[in-house]
Amino acid sequence: KTRQFMRAFNEINLHFSEVFTKLSPGGISKMILENPAKPFEGGIVIEARPRGKKITSIESLSGGEKTLVALSFIFAVEHFQPSPFYVMDEIDAALDGPNVHRVSMVIKEFATSSQFIVISHREENIVNADKIYGVSMKDSITDVFSIKMEEMEVAPGDKSMEDM
Amino acid sequence: KTRQFMRAFNEINLHFSEVFTKLSPGGISKMILENPAKPFEGGIVIEARPRGKKITSIESLSGGEKTLVALSFIFAVEHFQPSPFYVMDEIDAALDGPNVHRVSMVIKEFATSSQFIVISHREENIVNADKIYGVSMKDSITDVFSIKMEEMEVAPGDKSMEDM
Amino acid sequence: TYIKEIIFKGFKSFGDQVVSVKLDKGFTAIIGPNGSGKSNIIDGLCFSLGRLSKKTMRAENLKDLIFVGTKTKKPASSAEVTVIFDNSQNLFPGFTGQDLMISREVNDKGKGTYRLNGTRCTREEILLKLALANVDPDGFNFILQGKIVELTHMSPEDRRIFIEELV
Amino acid sequence: TYIKEIIFKGFKSFGDQVVSVKLDKGFTAIIGPNGSGKSNIIDGLCFSLGRLSKKTMRAENLKDLIFVGTKTKKPASSAEVTVIFDNSQNLFPGFTGQDLMISREVNDKGKGTYRLNGTRCTREEILLKLALANVDPDGFNFILQGKIVELTHMSPEDRRIFIEELV
Ligand SMILES: Nc1ncnc2c1ncn2[C@@H]1O[C@H](COP(=O)(O)OP(=O)(O)OP(=O)(O)O)[C@@H](O)[C@H]1O
Ligand SMILES: Nc1ncnc2c1ncn2[C@@H]1O[C@H](COP(=O)(O)OP(=O)(O)OP(=O)(O)O)[C@@H](O)[C@H]1O
Ligand SMILES: [Mg+2]
Ligand SMILES: [Mg+2]
């Protein structure tokens, strides 16, 4: 049982570092067993170090940095044991433009093997989608409709959506 | 004492509705005493109804709608008893473009009487500031510098900031 | 497998009518103004897959999930959400040749019903089918609004338990 | 009154050097990439005004607020933040003709010091001065990152108590 756990832990750890470096270039992250000799008697601690910075507790990372760490963890688990679909509701809320773009590219990469349903207000994310659905209130009732990429000139949720 | 409380309650309630209607056009909101006869034996409940919709619990409002309700409350209290300064760290994270703009205009209005220090990644908010400070990592240390509005061509936190 | 379609009737802001959202494999983006109903789509998906925690669907009672009406429309008497999973790989034996259709309904008395391809069943039977696809209504594959940063605040024990449960 | 300047030395990501942020009345926007130090500015402001809750400044211990160094720079031995409040309206009698300068420092032994215009004082004396300006380090005029939506989840009692405390 311990061997099974260690195999999962090591594989997820590998992917965790890989994905974090994609999202935070030059950054390093890893999961650490509190009790390496007896894994089940301790927990798993996360260490993440953006490029050039020294390790601080994960608590003192910024909102955007924490988002990247959390997403790296999710994608690492996805690699190990994919779910058929993923739902992500405004996961890019705390991210600056370049980070939204990097996250979006990673979603695109993993979307070749799993289905991703992503709610977002951020243009740098939406432009990478294979399919876009617009949602708006029509007579105060939710209406859902397909949007062609070519119709997406303005940042969505912006003026273009208000006109619909 | 009750009279003092009721005077504050009524005045804040008035501003609460006013500001909410500015942020959510056609919307209605009010604070309600759970025990109008004995205010101190009950709490204060908030009701908020965006245009055209029927009242649902404040719990079932969307992330963006909750943000507007919370800000309306803050600004209502500001009206009643201004603080010399306000700090707002990414309060627009959950808002779509048009709502960011409305919130920004209300900040601008209240900024004539109080100092507002607003952290944001959203262009529709930043363009309304009287003064802009850029923050970036230089040799992995925080550097703070003034930015002229004319330098702000691209959405901040985007490519323009990465080049700095 | 993947989700081919989600069908709403009387659920939250979808009105007392049938609203169908067809989905494809790959990367689908859902966009729109605040309060338009994007997260409600997700709540509907969670609801239909048997999620029990009403709080995570922003409802105090199951009845809060029923469309309350608008200025011009009457409330619905029940809320129903159907999710259709692709079965072209026969991931769900026993439904060979057809897609897996999971349905859940709640009426204004608070009474709930689950259906599998039209036939009434229990929540446990739904969960068993979903387990074949490695789907869990409370799974980490659902990152709900505002919840992504919370993931970094998981205690070390919970993180270890999470990985334990994967194997 | 308003905040004229915030001065950091050895605080969080500001390095072991003096960093000054001059502010004006009105609407100031602070922008920059993720992790650049924007929220750290706010943490510094809270710290200097006497905020006790380390958690809200994302530190487990006060010592975590001291610059830990980088690949090329050594850590700082203490963290200090100074806030300068305008006193042109003589809102702070006893400091007539000068601005109010509140300073707080913590060293790597965890020992803390407060200063008022250079003179050592207690945290209580700082709070008394701030009260003249209706400033409270734990006040609702600080909306920290990720906290705006939480405001709608206040219990009815807490909301009433909040208004009670205003009067
Ligand atoms: N039972 C119900 N009947 C009718 N409307 C409802 C019901 N429950 C919730 N709503 C409405 O649904 C709206 C919220 O929808 P939702 O959370 O999906 O918005 P959203 O598109 O995700 O917005 P945001 O971008 O702000 O997150 C609210 O305005 C709420 O009043
Ligand atoms: N004591 C310390 N010494 C050095 N660096 C620190 C210290 N404490 C925190 N930091 C660094 O400060 C950074 C976070 O800064 P901050 O939260 O201000 O970012 P931010 O600009 O608000 O970003 P975001 O836009 O993502 O919210 C982290 O990278 C963290 O490692
Ligand atoms: Mg939403
Ligand atoms: Mg921040």
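For clarity, every value in this text was computed on a predicted model and none was experimentally measured. Values below: every heavy atom of this structure, side chains too, minus hydrogens, waters and symmetry copies.
Scanning both residues, A:S83 and C:N141, for their nearest heavy atoms gives OG-ND2, 3.2 Å. The shortest heavy-atom contact between A:G42 and C:R160 is O-NH1, 2.8 Å.
Side chain of C:R159 to main chain of A:I44: a donor-acceptor pair is present (N/O by atom type, distance under 3.5 Å, no hydrogens or angles). Put simply, the side chain of A:D130 never gets that close to the backbone of C:G26: no donor and acceptor are under 3.5 Å apart. Using a distance-only test at 3.5 Å, with no hydrogens or angles considered, no donor-acceptor pair links the side chain of C:S36 to the main chain of A:M137.
In this structure, chain A has no heavy atom under 4.5 Å from any part of C:L91. When heavy atoms are compared at a cutoff of 4.5 Å, A:E78 does not approach chain C at all. When heavy atoms are compared at a cutoff of 4.5 Å, C:K147 does not approach chain A at all. For a residue to count as touching a neighbouring chain, one of its non-hydrogen atoms must lie under 4.5 Å from one of that chain's; by this rule C:F8 does not touch chain A. Only the side chain of A:F73 comes within contact range of chain C, with heavy atoms under 4.5 Å apart. For A:K1, the part lying near chain C is the side chain, with the backbone staying farther off; criterion is any non-hydrogen pair under 4.5 Å. Neither the backbone nor the side chain of A:S146 has a heavy atom closer than 4.5 Å to any heavy atom of chain C. Interface remark: A:Q81 contributes backbone and side-chain atoms alike to the contact with chain C (heavy atom separation under 4.5 Å). For C:L45, the part lying under 4.5 angstrom from a heavy atom of chain A is the side chain only. In this structure, chain C has a heavy atom under 4.5 Å from the side chain of A:I58, while its backbone stays farther away.
Annotation: maximal heavy-atom pairing with chain C below 4.5 Å, among A:I32, A:I46, A:V45, occurs at A:I46. The candidate from A:F80, A:F40, A:F9, A:F110 with the greatest count of non-hydrogen atom pairs under 4.5 Å with chain C is A:F40. With chain C as partner, the option from A:L61, A:L33, A:V69, A:I74 having the largest number of non-hydrogen pairs under 4.5 angstrom is A:I74. Counting heavy-atom pairs closer than 4.5 Å to chain C, the top-ranked of the candidates A:Q115, A:K108, A:E90 is A:Q115. Between chain A and the options C:L151, C:N34, C:I3, C:T72, heavy-atom pairs under 4.5 Å are most frequent for C:I3. Options C:V19, C:I161, C:V135, C:I41 differ in how many heavy-atom pairs under 4.5 Å they form with chain A, and the most are formed by C:V135. Contact count versus chain A (heavy atoms, under 4.5 Å) is highest, among C:F140, C:F162, C:F85, for C:F162. The most heavy-atom pairs under 4.5 Å with chain A, out of C:G146, C:A133, C:S20, C:S155, come from C:A133. Here C:L166 is the residue among C:D158, C:N40, C:L23, C:L166 with the most heavy-atom pairs under 4.5 Å with chain A. When each of C:K12, C:K73, C:K71 is scored by its heavy-atom pairs under 4.5 Å with chain A, the top score falls to C:K73.
Taking CD1 of C:I163 as the reference point, atom CD1 of A:I12 lies at 4.0 Å (rounded to 0.5 Å). Between C:D24 atom CG and A:K131 atom NZ the span is 5.0 Å, to the nearest 0.5 Å. Atom CD1 of A:I119 is separated from atom CD1 of C:I42 by 4.0 Å, given to the nearest 0.5 angstrom. Atoms NZ and CD, on A:K66 and C:E150 in that order, are 11.0 Å from each other to the nearest 0.5 Å. Annotation: the span from A:T2 atom OG1 to C:E164 atom CD amounts to 9.0 Å, rounded to 0.5 Å. Distance check, rounded to the nearest 0.5 Å: OG of A:S120 to NZ of C:K38 gives 9.5 Å.
A side-chain donor-acceptor contact under 3.5 Å links A:D89 and C:S39.
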Check against side chain to side chain donor-acceptor pair (under 3.5 Å), C:T70 and A:S140: CA-CA 7 Å; C:T70 66; A:S140 305; 5.5 Å; no
Just do the side chain to side chain contact (heavy atoms under 4.5 Å, CB included) check on C:I30 and A:V118 with the steps written out, would you? CA-CA 6 Å; C:I30 297 177; A:V118 178; over 6 Å; no
What's the verdict on side chain to side chain contact (heavy atoms under 4.5 Å, CB included) for A:Y133 and C:T28, showing C-alpha distance, side-chain angles and the deciding distance? CA-CA 7 Å; A:Y133 270 108; C:T28 298; 3.9 Å; yes
For C:H153 and A:E59, run side chain to side chain contact (heavy atoms under 4.5 Å, CB included): C-alpha distance rounded to whole Å, both residues' side-chain angles, the deciding distance at 0.1 Å, then the answer. CA-CA 8 Å; C:H153 298 156; A:E59 211 25 62; 3.4 Å; yes
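Ring pair A:F116/C:Y2: centre-to-centre distance not below 6.0 Å. Between C:F27 and A:Y86, the distance from one ring center to the other does not fall under 6.0 angstrom.
Using a 4.5 Å heavy-atom cutoff, the side chains of C:I148 and A:L71 are in contact. Looking at heavy atoms from C-beta onward, A:T112 lies out of side-chain contact with C:K25 at the 4.5 angstrom threshold. Using a 4.5 Å heavy-atom cutoff, the side chains of C:F67 and A:I141 are in contact.
More than 12 heavy-atom neighbours from other residues, nucleotides or ligands sit within 6.0 angstrom of CD on C:Q17. Other residues, nucleotides and ligands place more than 12 heavy atoms under 6.0 Å from the CD atom of C:Q98. Counted within 6.0 Å of NZ on A:K54, heavy atoms from surrounding residues, nucleotides or ligands total more than 12; the atom is thus considered enclosed. Around CZ of A:R7, the count of heavy atoms belonging to other residues, nucleotides or ligands within 6.0 Å does not exceed 12.
Ring pair C:F142/A:F85 is perpendicular by interplanar angle, where above 60° counts as perpendicular and below 30° as parallel.
The side chain to side chain contact (heavy atoms under 4.5 Å, CB included) with C:V21 is formed by just one residue from the set A:I117, A:V144, A:V135; it is A:V144.
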